[in-house]
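Presented below is the structure to which this report refers.
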Amino acid sequence: MIPYCSICWDIDKVKLLDQRKLPREEIYLEITDYHDVIEAIRTLAIRGAPAIGVAAAMGAALGALALKTEDPKEFASQFTNLCREIAAARPTAVNLFWALDRMQALAQAHASEPVAKLKERLVAEAQVLLKEDEAINRRLAQAGQGLIHDGHRVLTHCNTGALATGAYGTALGVLRAAWEAGKRFSVWVDETRPLLQGARLTTWELGKIGIPYTLIPDGAAAALMQKGLVDLAIVGADRIAANGDTANKIGTYGVAVLAHFHGIPFYVAAPLSTFDFSIPDGGHIPVEERAGEEVTHFWGQAVAPADASALNLAFDVTPHDLISGIITEGGVAQPPYASSLKALRRVKS
Ligand code: MRU
């Protein structure tokens, strides 16, 4: 048992582990106002595409509970507005929009019911979404764990564990399932500048599972691959286009290019809720640009001259032809993605 959860619903509030404070402090935020959920997503108190989706759904449920009207039409219009506000929290992880679409679809399907009943349904749906996410991640992890072998030295980027999801994890879930199946291997953890999701969160999670790891600066991946010390790379995703192009944490594309150059398999692990079949390729993925202070400062301390300018693209897009396979709850999609993802699209809808 892993004694923490990224997010849960507690009677009439959302509880989430404040990931900005990890690993120094384990503090749960208790949120009753959906505006605070938006703030938590925006500031990365909760982060990782599937966890953002769950948070968005729970935020929508909190917002619905606070609406004062008893008129179903007025309720529908106010609910749509608050979902729009939540949708503006972050642009890249498609799970955010997927979860809100699902909440809105439910509201529309029961639009003629009394508002009190509809609120109950929305609160229940947000919790279903959380439960489903764990089940999906466990299926995905089982589908992918066969790729991990005894003695493997696996490289990962960013954080894709239970913290980044409703529970269990995606890429880290694959490693966890392999470990639970008795395989013994080790992990190179990219620190993941600038917010150090690897150094702060992935190390913390691997430590709790008991998987041996070594933290490395992002720039060290090339040298390790050159020395033959990496057998496989595995990462998560924030949005995957219909052709398999994958947006993930900045630095992922570099890892994929390096892996390709050195003949190392490079896998992406993501639930189908992270696929955006409405866009043909990665060129259509909106890439979040965050404040330069996240690069020039860390935990309130300046790490650059006061007048330094910085560019802070939060994600990059890895072209599908650098990806050896995409691990999902529907199985591992392999190239050519034009056909393998078409089959998965049928599983999703
Ligand atoms: O900015 P973040 O921390 O939300 O970025 C997270 C990532 O890029 C993860 O790799 C991705 O969301 C997959 S999480 C299972």
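Atoms within a ligand are numbered from 1 in the order they appear, just like the ligands themselves. Remember, it's a predicted structure, so these values are computed and weren't measured experimentally.
Within 6.0 Å of atom OH in Tyr253, 12 or fewer heavy atoms from other residues, nucleotides or ligands are found, so the atom counts as exposed in its surroundings.
None of Arg90, Arg47, Lys249 except one satisfies the salt bridge (Lys or Arg N to Asp or Glu O under 4.0 Å) rule with Glu288; the exception is Arg90.
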Hey, what polar pairs (N/O, under 3.5 Å) does ligand 1 make with protein?
residue  : atom   : partner : partner atom : Å
ligand 1 : 1 (O)  : Arg90   : NH1          : 3.4
ligand 1 : 1 (O)  : Arg90   : NH2          : 2.8
ligand 1 : 1 (O)  : Lys249  : NZ           : 2.7
ligand 1 : 3 (O)  : Arg47   : NE           : 2.5
ligand 1 : 3 (O)  : Arg47   : NH2          : 3.4
ligand 1 : 3 (O)  : Gln197  : NE2          : 2.9
ligand 1 : 4 (O)  : Gly48   : N            : 3.0
ligand 1 : 4 (O)  : Arg90   : NH1          : 2.9
ligand 1 : 8 (O)  : Asp238  : OD1          : 2.8
ligand 1 : 8 (O)  : Asn248  : OD1          : 3.1
ligand 1 : 8 (O)  : Lys249  : N            : 3.2
ligand 1 : 10 (O) : Asn248  : OD1          : 2.6
ligand 1 : 12 (O) : Ala49   : N            : 2.8
ligand 1 : 12 (O) : Asp238  : OD1          : 3.2
ligand 1 : 12 (O) : Asp238  : OD2          : 3.0

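Under the 3.5 Å distance criterion, with hydrogens and angles disregarded, no donor-acceptor pair is assigned to the side chains of Thr192 and Asp190.
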Do Arg121 and Glu125 pass the salt bridge (charged side-chain N to carboxylate O under 4.0 Å, His left out) test, and can you show the C-alpha distance, the side-chain angles, and the key distance before you say yes or no? CA-CA 6 Å; Arg121 283 191 191 278; Glu125 182 73 355; over 6 Å; no
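In this structure a side-chain-to-backbone donor-acceptor pair under 3.5 Å is present from Arg239 to Pro91.
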When the side chains of residues 300-313 are checked against the rest of the protein, which donor-acceptor pairs come out under 3.5 Å, sequence neighbours left out?
residue : atom : partner : partner atom : Å
Asn312  : ND2  : Ala291  : O            : 2.9
Asn312  : ND2  : Glu294  : OE1          : 3.0

